[in-house]
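Atoms within a ligand are numbered from 1 in the order they appear, just like the ligands themselves. Values below: all heavy atoms of this structure, side chains included; hydrogens, waters and symmetry mates excluded. All residue numbers in this chain count up from 1 along the given sequence.
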Amino acid sequence: MHYIKKEFEEAIKEIANQEELKQLKAKFLGKKGRLTELFKQMANLENEQKKEFGKNINKLKSYIEETIIAKQKEISEFIKKKSLEEEAIDITLPSRRKEFGAVHPITKTIMEIEDIFRSMGFDVEFGYEIEYDLYNFEMLNIPKEHPARDMQDTFYINDNVLLRTHTSPTQIRVMKEKKPPVMFISPGKVYRRDSDITHSPMFHQIEGLLIDKDIHFSDLKGVLSEFLRMFFGDVPVRFRPSYFPFTEPSAEVDIGCIICKGEGCRVCSHTGFLEVLGCGMVHPNVLRNVNYPEEYNGFAFGLGIERFAMLKYGIDNIKLFFENDTRFLKQFSF
Ligand code: FA5
């Protein structure tokens, strides 16, 4: 009997989990287990011996049962402790930093300009980046072979289709759809073969058009001066006579260079002023092309958004907008 106890004690030392313990229990206490074997041996004993033997087997059985229960408890406590250790959270660890995105400075500038014009009652319309030659040039009073086409080096897709060189074709699209009066701005991408520190082959413009009865150049001047004051604050503004085939008279608007405060720098080509937009009274030919009645007239303007963003945020190279360098973009997360 002693050797069974010893065998059990050796075996239980090796047990590491509940499954092994179950097998050990079956091996010693099961129907065909070691103790059942012992009980069977009792049949060969004398009555007196049987009593003593039976007592000892029962003692051994109780010992084995108790030891197994104790081991069971030990194993479940070990498992519980281990899982608690594994799931432990170190509340002293520093938190992971979240990266916040920022609105791109071009988008931010578009949003600011839209807000100003909406507050004056302008709607917002959208045109197409792939445009007909007809809308980009001809209906804007720029016929084929017209010298004004040299002003804008164009990416042609075929003879009749091109990447729009300005947002002005949206004027035609909206006027063809809507009866006067109309009053809207239209932001979007435009394309030209042009590249230096203030020019990019893809850039953004905002077009503006106001058509109603009895509109004068003074209305144009009032709206644009107020817009520039709201966007830039108090900066010098000057209207300079210019030429666009789709407006007559036409003007370009300059503001005092914000980078050098008018002293002259490479951004303003040492003139102290920067051209920020083109504008003028809509040419009667354009209004005729969209069949607007004679009594209507109005003004239009077009501005380069990159130019506005560069001046407002003091950026001296247009390429920074398109390189997606997060060190640059992060500065606009306000
Ligand atoms: C036009 O594109 C006219 N459609 C504007 C207009 C609209 C005039 C309605 C009258 C009535 P212009 O080519 O000057 O005009 O361009 C307008 C503005 O776009 C410029 O003042 C400049 O700020 C910007 N711009 C022009 N070329 C580039 C370029 N390659 N990269 C970035 N900005 C540019």
Side-chain angles (χ1 to χ4, degrees), residues 105-106 109-110 113 117 122 125 127 131 135-137 139-142 148-155 162-175 182 184-211 215 217 220-221 223-224 227-228 231-232 237-255 257-258 267-269 273-283 285-287 297-312 315-322:
I106 294 297
T109 307
I110 294 175
I113 295 175
F117 281 107
F122 284 77
E125 302 278 357
E131 191 50 280
Y135 292 173
N136 195 81
F137 292 128
M139 290 184 78
L140 286 166
N141 202 33
I142 322 176
R149 287 201 181 189
D150 290 345
M151 287 158 67
Q152 300 164 350
D153 257 358
T154 310
F155 292 110
L162 43 80
L163 294 183
R164 68 176 175 187
T165 58
H166 52 173
T167 41
S168 301
T170 314
Q171 290 185 31
I172 304 294
R173 288 194 173 271
V174 174
M175 286 194 284
V182 293
F184 72 89
I185 60 160
S186 180
K189 292 186 171 73
V190 302
Y191 303 84
R192 292 181 197 180
R193 297 189 55 196
D194 216 351
S195 187
D196 60 38
I197 64 158
T198 55
H199 295 85
S200 153
M202 184 285 293
F203 62 102
H204 299 75
Q205 285 191 338
I206 290 188
E207 192 74 12
L209 181 70
L210 186 150
I211 304 286
I215 300 294
F217 199 90
L220 176 159
K221 216 173 158 186
V223 166
L224 292 181
F227 156 64
L228 292 170
F231 188 82
F232 287 117
V237 173
R238 71 179 186 194
F239 284 73
R240 205 169 15 81
S242 186
Y243 171 73
F244 296 101
F246 34 93
T247 48
E248 180 60 33
S250 304
E252 276 178 326
V253 181
D254 301 336
I255 61 163
C257 180
I258 288 172
V267 175
C268 62
S269 307
F273 274 93
L274 270 165
E275 172 220 315
V276 289
L277 57 88
C279 59
M281 302 306 287
V282 178
H283 197 291
N285 285 349
V286 175
L287 296 172
N297 75 330
F299 64 81
F301 56 90
L303 57 90
I305 298 169
E306 282 75 6
R307 180 66 61 87
F308 272 66
M310 285 170 87
L311 293 173
K312 179 132 188 185
I315 297 160
D316 66 0
N317 193 335
I318 197 167
K319 301 220 164 34
L320 287 166
F321 292 123
F322 309 117

Asker: Using heavy atoms and a 4.0 Å limit, tell me yes or no: is Phe308 in contact with ligand 1?
Answerer: no

Asker: Give the numbers and elements of all ligand 1 atoms closer than 4.0 Å to a heavy atom of Gly304.
Answerer: 18 (C), 19 (O), 23 (O), 24 (C)

Asker: So, is Gln205 polar-close to ligand 1, with some N/O to N/O distance under 3.5 Å?
Answerer: yes

Asker: With atom 11 (C) of ligand 1 as the reference point, say which of Ser250, Ala300, Ser195 has the nearest heavy atom.
Answerer: Ala300

Asker: Heavy-atom contact under 4.0 Å between Ile318 and ligand 1?
Answerer: yes

Asker: ring-ring contact (aromatic ring centres under 6.0 Å, His included) between Phe308 and Phe227: does it pass, once the steps are laid out?
Answerer: CA-CA 12 Å; Phe308 272 66; Phe227 156 64; 5.7 Å; yes

Asker: For ligand 1, which is the ligand I care about here, please tell me if Asp194 has any N or O atom under 3.5 Å from one of the ligand's N or O atoms.
Answerer: yes

Asker: Looking only at distances, please establish whether an N/O atom of ligand 1 is found under 3.5 Å from an N/O atom of Ser200.
Answerer: yes

Asker: Below 4.0 angstrom from a heavy atom of Glu275, which ligand 1 atoms are there? Numbered from 1 as shown, please.
Answerer: 14 (O), 20 (C), 21 (O)

Asker: Just which atoms of ligand 1 are under 4.0 Å from any heavy atom in Ser168?
Answerer: 4 (N), 7 (C)

Asker: Is there a donor-acceptor pair closer than 3.5 Å between any side-chain N or O of Glu207 and the backbone N or O of Ser168?
Answerer: yes

Asker: Would you mind finding which of Glu252, Arg164, His166, Arg192 brings a heavy atom closest to atom 13 (O) of ligand 1?
Answerer: Arg192

